[in-house]
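Have a look at the structure below, then the notes.
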Amino acid sequence: MDGICDAFGTLKQKASTMKQLQESDDTILIAIIDETYQEDETSDDIEDRSEEYRLELERQFGAPFQEGDIGPSASIPAFLTEILSTQIPLWSLLAGTFFLGKPINENLDAWKAIGKKIHSFFSKPVVLSRNGAAIIAVEAVFEYLGQTPRSIRLVSYRPESMPDADSLGVMERDDHIAEAPDTLFIGFVQHVFEIEADNKTFRVGVAGKEVEIILID
């Protein structure tokens, strides 16, 4: 898979056969790490506590969650949900333009509104796939500029494996826009975007809820 280190290659078949939510063009996948898996795994009631945690998430966020795994080789149990395009007006339009690498100069404030929807999950240990990470990356660009830019354009996107990813400052320039990684990989992925905004080019890395941004041109 583009951007994922070769060591992950042998796990692609496993990823493709797992029956769990995958992010589509017009949805945003939200993965919340199952905090109960860090507790005593020998406990007799660990499955009951995990299920109660899932139900707690559904009560808190008013959305269905299903069991999943976001870590190849080293399993990372998580609960998965998705934000549908019907819940986030304009997302399908924005995403379709953005991931084609075309300039966007209208409805830019909609990115902030969509970002608020994603941030509502951030009280929990959240991991995002490509679409959610893109929204957080664009937010970071807005914050760096201190204003909403006149225009933005995605130059490139790559999912880099952690902890093997180079620092943002030494990565080579790229112009390829990769597809979203399989859900099974996202627990070990840093999403790397190069985004043009008002004649400046930024490189933004998103890993979980952590965001790093640098100006590269």
- Go through the side-chain N and O atoms of Ser50 and Asp34 and say whether any donor and acceptor fall under 3.5 Å apart. yes
- Task: Measure the OH-CZ distance between Tyr53 and Phe79 for me, rounded to the nearest 0.5 Å.
- Result: 8.0 Å
- Message: Using the rule that Ile, Leu, Val, Met, Phe, Trp and Tyr join whenever any side-chain heavy atoms are under 4.5 Å apart, tell me whether Ile30 and Leu184 fall into a single cluster.
- Response: no
- Nearest 0.5 Å, what's the CD-CG distance between Glu212 and Leu168? 4.0 Å
- Query: Any side-chain heavy-atom pair from Val127 and Ile33 closer than 4.5 angstrom?
  - Reply: yes
- Atom pair CD1/CZ of Ile213 and Phe193 - distance to nearest 0.5 Å: 11.5 Å
- Item | Cluster companions of Leu55 among Ile, Leu, Val, Met, Phe, Trp, Tyr (side-chain spacing under 4.5 Å) | none
- Message: Main chain of Leu21, side chain of Thr183: is a donor-acceptor contact present, judged purely on distance under 3.5 Å?
- Response: yes
- Item | For Glu82, all residues meeting salt bridge (charged side-chain N to carboxylate O under 4.0 Å, His left out), sequence neighbours excluded | none
- Where do Ala110 and Leu90 come nearest, in terms of heavy atoms and distance? CB-CD1, 3.9 Å
- Message: A side-chain contact here means heavy atoms from C-beta on lying under 4.5 Å apart; do Ile104 and Arg153 qualify?
- Response: no
- Item | Minimum-distance pair of heavy atoms, taken over all atoms of Phe185 and Pro72 | CD2-CG, 3.6 Å
- Query: Is Asp198 atom CG crowded by more than 12 heavy atoms from other residues, nucleotides or ligands, each under 6.0 Å away?
  - Reply: yes
- Query: Rounded to the nearest 0.5 Å, how far does CZ of Phe202 lie from CD1 of Ile216?
  - Reply: 9.5 Å
- Query: Looking only at atom types and distance, does a side-chain atom of Lys209 sit under 3.5 Å from a main-chain N or O of Phe122, one as donor and one as acceptor?
  - Reply: yes
- Item | Side-chain donor/acceptor of His191 to backbone N/O of Val204, under 3.5 Å | no
- For Ala113, what residues pass the side-chain contact (heavy atoms from CB on, under 4.5 Å) criterion, not counting sequence neighbours? none
- Note on the structure: The complete set of side-chain hydrogen bond (donor to acceptor under 3.5 Å, both in side chains) pairs with one or both residues in residues 122-146, sequence neighbours excluded, reads Glu23-Ser129, Glu56-Lys124, Gln60-Ser123, His119-Glu139
- Of all heavy-atom pairs linking Ser156 and Ile177, the shortest is CA-CG1, 4.0 Å
- Message: Just to verify, what does Arg203 make a side-chain hydrogen bond (donor to acceptor under 3.5 Å, both in side chains) with, not counting sequence neighbours?
- Response: Glu194
- For Lys200, the side-chain hydrogen bond (donor to acceptor under 3.5 Å, both in side chains) test, sequence neighbours excluded, returns none
- Could you tell me whether a side-chain N or O of Glu210 sits under 3.5 Å from a main-chain N or O of Ala207, the two making a donor and an acceptor? no
- Item | ring pair (Phe, Tyr, Trp, His ring centres under 6.0 Å) against Trp91, all qualifying residues, sequence neighbours excluded | Trp111
- Note on the structure: Rounded to the nearest 0.5 angstrom, the OG-CG distance for Ser151 and Asn105 is 5.0 Å
- Item | Contacts of type ring pair (Phe, Tyr, Trp, His ring centres under 6.0 Å), residue Phe121, not counting sequence neighbours | Phe61
- Heavy-atom closest pair (Leu108 atom, Pro149 atom, distance to 0.1 Å) is CD1-O, 2.9 Å
- Query: Hey, quick one: are Val206 and Leu80 part of the same hydrophobic cluster, counting side-chain heavy atoms closer than 4.5 Å, chains of contacts allowed?
  - Reply: no
- Determine the minimum heavy-atom distance between Asp69 and Ile76, stating which atoms define it. OD1-N, 3.0 Å
- With distance as the sole test, does Thr201 use its side chain to make a donor-acceptor pair with the main-chain N or O of Ala197 at under 3.5 Å? no
- Query: So, for Glu52 and Arg59, which heavy atoms are closest and what is the spacing to 0.1 Å?
  - Reply: OE2-NH2, 2.7 Å
- Task: Using salt bridge (charged side-chain N to carboxylate O under 4.0 Å, His left out) as the criterion, list what pairs up with Glu67, not counting sequence neighbours.
- Result: none
- Query: What residues form a side-chain hydrogen bond (donor to acceptor under 3.5 Å, both in side chains) with Ser92, not counting sequence neighbours?
  - Reply: none
- Using a 4.5 Å side-chain heavy-atom cut-off and chaining through intermediate ILVMFWY residues, the residues clustered with Leu100 come out as none
- Who pairs with Glu106 by salt bridge (charged side-chain N to carboxylate O under 4.0 Å, His left out), at least two apart in sequence or on another chain? none
- Query: Counting heavy atoms not belonging to Arg173, are there more than 12 under 6.0 Å from its CZ?
  - Reply: yes
- Item | Distance in Å, Glu58 CD paired with Thr81 OG1, rounded so as to fall on 0.5 Å steps | 8.0 Å
